[in-house]
Amino acid sequence: MARCLKNENNMANDISSKAEISPKAQIGDNCKIFPFVYIEDDVVIGDNCVIFPFVSILNGTRMGNHNKVHQGSVIGALPQDFDFTGEQSECLIGDNNIIRENVVINRATHHGGCTVIGNDNFLMEGAHISHDTKVGNQCVFGYGTKIAGDCEIGNGVIYSSSVIENAKTRVGEGSMIQAGTTFSKDVPPYVIVGESPVQYGGINNVMMTSYGIDEKVQKHIANAYRLVFHGQTSVFDAVLQIKEQVPDSPEIRNIVTFIEGTKLGIISKM
């Protein structure tokens, strides 16, 4: 039988008596927690969250409002990192995220560090977000996608199924990674990448249109990437050409800043 627990604001939660929840955990208003959920001491869950059966939410997790976590997922799991020595760290999850079955999200490796999942993300079955990775808003992680530690992922990124992103790489906003792709270098904003080895496959017009990016600006973005991926110069010289030849816009500046900030290099030319 379920039990209705009231918090300080006198708002009832629907919590199964078969769930194992630490009395030290903080549960927000109007949450529904199903049987066989396990929640540890140092956990904060916001309002209007739904936690389905057999979910584990572990120490260091800070979850916002209106999240749904489906069966078998583990949130705030210990980092799978040989440098981990048991330090306290965090896993921060924003609002309105859908976390489907058997997803694993690790907390950070070191004290003061955090893994971050923003708002309005959709993590499909079997996705794994590793320690210290930072995810923006409105991203989609397809079935079985694996994100290694210390990655940075911008807003609106779409991963198809079975993508593997290796450690310390970055993906710029509005990009799409096609199914089965493995990559170890940075993916710039607004592009589509895929194949093996990974290659640039054009700009992501669909995502840019949904963002409200003007058609003329989209053409400027395409021209910028022609210089980067089809030019006969180095990436460094291509960036100089973008600054000189492509009309300025926030999106073009975003591309330039992203490429100039790369430490691992960007994905290959065609």
Item to complete: Is it possible for you to say whether Val246 and Ile266 belong to one hydrophobic cluster, with membership spreading through side-chain heavy-atom contacts below 4.5 Å?
Response: yes
Item to complete: Measure from the side-chain N and O atoms of Asn13 to the backbone N and O of Cys31, and report whether any donor-acceptor pair falls under 3.5 Å.
Response: yes
Practice prompt. Kindly say whether Gly180 contributes a backbone atom to a donor-acceptor pair with the side chain of Ser160 at under 3.5 angstrom?
Written response: no
Worksheet item: Can you hop from Ile117 to Tyr143 via hydrophobic side chains spaced under 4.5 Å?
Response: yes
Worksheet item: Can you find a side-chain donor-acceptor pair between Glu251 and Tyr211 that sits under 3.5 Å?
Response: no
Worksheet item: So Thr182 and Asn166, side chain to side chain contact (heavy atoms under 4.5 Å, CB included) or not? Walk me through it.
Response: CA-CA 8 Å; Thr182 298; Asn166 287 318; 3.9 Å; yes
Worksheet item: Does Asp150 reach the main-chain N or O of His131 with its side chain, forming a donor-acceptor pair under 3.5 Å?
Response: no
Practice prompt. Report yes or no: does Asn137 contribute a side-chain atom to a donor-acceptor pair with the main-chain N or O of Gly118 at less than 3.5 Å?
Written response: no
Item to complete: For Gln218 and Tyr190, run side chain to side chain donor-acceptor pair (under 3.5 Å): C-alpha distance rounded to whole Å, both residues' side-chain angles, the deciding distance at 0.1 Å, then the answer.
Response: CA-CA 9 Å; Gln218 293 185 37; Tyr190 319 120; over 6 Å; no
Discussion item. For the CD1 atom of Ile221 and the CZ atom of Arg226, what is their distance to the nearest 0.5 Å?
Written reply: 12.0 Å
Worksheet item: What is the distance from atom OG of Ser16 to atom CD1 of Ile33, rounded to the nearest 0.5 Å?
Response: 9.5 Å
Worksheet item: Between Phe34 and Phe52, how do the two ring planes meet: parallel, tilted or perpendicular, split at 30° and 60°?
Response: parallel
Worksheet item: Does the pair Thr109 and Asp81 meet the rule for a side chain to side chain donor-acceptor pair (under 3.5 Å), with working shown?
Response: CA-CA 7 Å; Thr109 297; Asp81 184 347; 2.8 Å; yes
Practice prompt. Say whether, by atom type as modelled, one donor and one acceptor occur between the side chain of Glu40 and the main chain of Asn59 under 3.5 angstrom.
Written response: yes
Worksheet item: Is Arg62 salt-bridged to Asp42, cutoff N-O under 4.0 Å?
Response: yes
Worksheet item: Are the side chains of Val187 and Ile177 in touch, meaning some heavy atoms are under 4.5 Å apart?
Response: yes
Worksheet item: Are Asp95 and Asp120 close enough, and set up right, to give a side chain to side chain contact (heavy atoms under 4.5 Å, CB included), and what steps lead you there?
Response: CA-CA 6 Å; Asp95 302 329; Asp120 302 295; over 6 Å; no
Discussion item. Quick one, Tyr225 and Tyr200 - any side-chain contact, counting heavy atoms below 4.5 Å?
Written reply: yes
Item to complete: Enter the distance from Gln245:CD to His220:NE2 here, rounded to the nearest 0.5 Å.
Response: 12.5 Å
Worksheet item: Counting only N and O atoms by type, is there a donor-acceptor contact under 3.5 Å from the side chain of Ser130 to the main-chain atoms of Gln80?
Response: no
Discussion item. What verdict does the side chain to side chain donor-acceptor pair (under 3.5 Å) test give for Asn119 and Gln138, after you've listed the backbone C-alpha separation in whole Å, the side-chain angles of each residue and the deciding distance to 0.1 Å?
Written reply: CA-CA 6 Å; Asn119 304 319; Gln138 299 179 324; over 6 Å; no
Worksheet item: Are the side chain of Ser73 and the backbone N or O of Arg100 linked by a donor-acceptor pair below 3.5 Å?
Response: yes
Fill in: Minimum-distance pair of heavy atoms, taken over all atoms of Ile242 and Ala224
CD1-O, 3.7 Å
Fill in: Tyr38-Ile45 co-clustered via ILVMFWY side chain contacts under 4.5 Å
no
Fill in: Considering all heavy atoms, the nearest Val228-Ala238 contact
CA-CB, 3.8 Å
Practice prompt. Check the pair Ile147, Phe141 against side chain to side chain contact (heavy atoms under 4.5 Å, CB included), reporting the backbone distance first and the verdict last.
Written response: CA-CA 9 Å; Ile147 310 298; Phe141 296 85; 3.9 Å; yes
Worksheet item: Any side-chain heavy atom of Val37 sitting closer than 4.5 Å to one from Phe54?
Response: no
Worksheet item: Taking NZ, NE, NH1 and NH2 as the nitrogens, is one of them in Arg170 or Asp186 under 4.0 Å from a carboxylate oxygen of the other?
Response: yes
Discussion item. Membership question, hydrophobic clusters at under 4.5 Å side-chain separation (ILVMFWY): are Ile98 and Val103 in the same one?
Written reply: yes
Fill in: Derivation of the side chain to side chain donor-acceptor pair (under 3.5 Å) call for His111 and Gln88
CA-CA 5 Å; His111 178 71; Gln88 292 183 341; 4.8 Å; no
Worksheet item: Between the side chains of Asn48 and Asn30, is a donor N or O closer than 3.5 angstrom to an acceptor N or O?
Response: yes
Practice prompt. Please answer whether the main-chain N or O of Gly136 pairs with a side-chain N or O of Asn121 as donor and acceptor at a distance below 3.5 Å.
Written response: yes
Worksheet item: Taking C-beta and beyond as the side chain, do Thr209 and Ile213 meet within less than 4.5 Å on heavy atoms?
Response: no
Worksheet entry | Heavy-atom side-chain proximity of Val191 to Asn204 below 4.5 angstrom | no
Worksheet item: Should Phe183 and Ile164 count as side-chain neighbours, where that means a heavy-atom distance under 4.5 Å?
Response: no
Fill in: Flag for Thr115-Arg107: side-chain donor and acceptor within less than 3.5 Å
no
Practice prompt. Please answer: with hydrophobic residues joined when any side-chain heavy atoms are less than 4.5 Å apart, are Val43 and Phe36 in the same cluster?
Written response: no
Worksheet item: Is there side-chain contact between His70 and Val55, with heavy atoms separated by less than 4.5 Å?
Response: no
Discussion item. How about NZ on Lys134, more than 12 heavy atoms from neighbouring residues, nucleotides or ligands closer than 6.0 Å, or not?
Written reply: yes
Discussion item. Between Lys243 and Glu260, does any side-chain N to carboxylate O distance fall below 4.0 Å?
Written reply: yes
Discussion item. So does Leu78 get a backbone contact from the side chain of Asn106, meaning a donor-acceptor N/O pair under 3.5 Å?
Written reply: yes
Worksheet item: Taking all non-hydrogen atoms of both residues, which atom of Pro35 and which atom of Lys18 are closest, and how far apart?
Response: CB-CB, 3.9 Å
Worksheet, complete the sentence: Of all heavy-atom pairs linking Glu195 and Gln199, the shortest is OE1-OE1, 3.9 Å
Worksheet item: Could you go step by step and tell me if Ile75 and Leu58 meet the side chain to side chain contact (heavy atoms under 4.5 Å, CB included) rule?
Response: CA-CA 6 Å; Ile75 311 300; Leu58 307 181; over 6 Å; no
Discussion item. Looking at every heavy atom in both Pro189 and Ser175, which two are closest together, and how far apart are they?
Written reply: C-OG, 3.4 Å
Item to complete: Return yes when atom NZ of Lys146 has more than 12 non-hydrogen atoms of other residues, nucleotides or ligands closer than 6.0 Å, and no otherwise.
Response: yes
Discussion item. Keeping Thr257 on the side-chain end and Arg253 on the backbone end, is there a donor-acceptor pair under 3.5 Å?
Written reply: yes
Discussion item. Return the CG to CG distance between Asn65 and Asp47, rounded to the nearest 0.5 Å.
Written reply: 4.5 Å
Worksheet entry | Non-hydrogen atoms of Ala108 and Asp132 that approach each other most closely | CB-OD1, 3.1 Å
Worksheet item: Is any side-chain heavy atom of Val256 less than 4.5 Å from a side-chain heavy atom of Asn254?
Response: no
Worksheet item: To the nearest 0.5 Å, how far apart are CG in Leu227 and OG1 in Thr233?
Response: 7.5 Å
Worksheet item: Can you tell me how far OG of Ser56 sits from CD of Glu20, rounded to the nearest 0.5 angstrom?
Response: 9.5 Å
